[in-house]
Structures are given as C-alpha cells and as structure tokens.
Amino acid sequence: QVQLVESGGGLVQPGGSLGLSCAASGSIHITYSMAWYRQPPGKSRELVATITSDDSTNYADSVEGRFTISRDNAKNTVYLQMTKLKPEDTAVYYCFGDLVPKSDYSRRGFWGQGTQVSVSL
C-alpha cells in the first residue's frame, strides 16, 4: 500500500522560511512526477510546484523565485523549500505523486494527508 506522508509545516513570520518534506512509502514500481498543491482557507486547491522524473520543475507564478521543489529518488522523497513567505501563502499543503505501485502496476495519483503552513506575525 503506497502512502505519502508530509512533514515540516508550522507557523512562521512573514519573510521567513520553511521546508516541507513528503516521503512515499510502500512498494513503488515507478515514480513519475511529484507535486505540491495547497488549499488556502475558503479557497480551492491549487498547484504550487511540480517536478518530473528528469528533474524538470514548474512553479505557480505566485511562488516563482521564492519556492524550490526538489526530490531524492533514492529516498522516494520530495521537498518544498519556501522562502520570503507571505501571509497569502497560508494554506494546507498537499503532496501529490503520479506513480505506479507494485501492488497492481496501475499508474495513478496519490495524495498525502496535508500539512498546515501558517504565515503570520
């Protein structure tokens, strides 16, 4: 059974930095792209950043230049380093993995449970 588990959320002051991690556990055959999404209070979930299997990255305009997504394939872990945080970055951050589990070799998306990031004085 594949699971994605996020860690690293918390409360930070505006202008501060925070790092998130997402570890994929279970028997995984192939991991394609990984991504971070977020859902601000009262709003829809939105894409923050993606990283493909060849380490190509893409960012939402709102975080470009402030956030960095990276991955460690050996650890099946994806990271999101967030700098220059703003109050509008406050949200629940979700990890997403496009992968093929060995349980059925069926490619599909998996979600983590989410971690809260709050940016406030």
**Asked** If only atom types and distance count, is the side chain of S62 paired as donor or acceptor with the main-chain N or O of A60 below 3.5 Å?
**Response** no
**Asked** Is V100 linked to V2 within one hydrophobic cluster, defined over Ile, Leu, Val, Met, Phe, Trp and Tyr using a side-chain heavy-atom separation of less than 4.5 Å?
**Response** no
**Item:** Polar side-chain atom of Q13 near backbone of L121 as donor-acceptor pair, under 3.5 Å
**Value:** no
**Asked** Is a donor on one side and an acceptor on the other found under 3.5 Å between the side chain of R108 and the backbone of S106?
**Response** yes
**Asked** Distance from L20 atom CG to S7 atom OG, nearest 0.5 Å?
**Response** 8.0 Å
**Prompt:** Is the closest side-chain heavy-atom distance between P14 and P87 below 4.5 Å?
**Reply:** yes
**Prompt:** If you round to the nearest 0.5 Å, how far is CG of N73 from CE of M34?
**Reply:** 9.5 Å
**Request:** Check step by step if side chain to side chain contact (heavy atoms under 4.5 Å, CB included) holds for Q81 and S17.
**Result:** CA-CA 8 Å; Q81 183 62 38; S17 300; 4.1 Å; yes
**Prompt:** Is there a path from W111 to V92 through hydrophobic residues (I, L, V, M, F, W, Y) whose side chains come within less than 4.5 Å of each other?
**Reply:** yes
**Item:** Approximate separation, where rounding is to 0.5 Å, of Q3 CD and Q113 CD
**Value:** 9.0 Å
**Ring-face cation contact, Y94 with R38, 6.0 Å cut, 45° max** = no
**Message:** When you measure from the side chain of R66 to the backbone of K84, do you find a donor-acceptor pair of N or O atoms at a distance under 3.5 Å?
**Reply:** yes
**Message:** The test is side-chain hydrogen bond (donor to acceptor under 3.5 Å, both in side chains); show your working for T90 and E88 and say whether it passes.
**Reply:** CA-CA 5 Å; T90 295; E88 51 264 43; over 6 Å; no
**D55 vs R71, side chain to side chain contact (heavy atoms under 4.5 Å, CB included): CA-CA, chis, key distance, verdict** = CA-CA 8 Å; D55 288 339; R71 65 194 287 175; 3.5 Å; yes
**Asked** Linking I/L/V/M/F/W/Y whenever their side-chain heavy atoms sit closer than 4.5 Å, directly or via other members, would F67 and F96 fall into one cluster?
**Response** no
**Request:** Indicate the atoms forming the closest heavy-atom contact of M82 with L85, along with that distance.
**Result:** CB-CD2, 3.8 Å
**Prompt:** Roughly how far, to the nearest 0.5 Å, is SG of C95 from CD1 of I69?
**Reply:** 8.0 Å
**Message:** Please evaluate residues Q116 and L11 with respect to the criterion side chain to side chain contact (heavy atoms under 4.5 Å, CB included), reporting the C-alpha separation (whole Å), side-chain torsions for both, the decisive distance (0.1 Å), and the verdict.
**Reply:** CA-CA 8 Å; Q116 177 70 47; L11 174 64; over 6 Å; no
**Message:** Within the supplied structure, the quantity of interest is the number of heavy atoms (other residues, nucleotides, ligands) at a distance under 6.0 Å from D61 CG; does it exceed 12?
**Reply:** no
**Asked** What residue among T52, T68, I51, T50 forms side chain to side chain contact (heavy atoms under 4.5 Å, CB included) with T57?
**Response** I51
**Request:** Would you check if I28 and K102 make a side-chain contact, meaning some heavy-atom pair closer than 4.5 Å?
**Result:** no
**Item:** N76 side, atom CG; C22 side, atom SG - distance, nearest 0.5 Å
**Value:** 10.0 Å
**Prompt:** Linking I/L/V/M/F/W/Y whenever any side-chain heavy atoms sit under 4.5 Å apart, do Y37 and Y79 land together?
**Reply:** no
**Asked** Does the ring center of W36 lie less than 6.0 Å from the ring center of Y93?
**Response** no
**Message:** Distance check, rounded to the nearest 0.5 Å: L80 atom CG versus Y59 atom OH?
**Reply:** 7.5 Å
**Complete:** Note: L4 and A24 closest approach over all heavy atoms is CD2-CB, 3.3 Å
**Item:** Least distance between heavy atoms, E46 atom then P40 atom
**Value:** OE2-CG, 4.3 Å
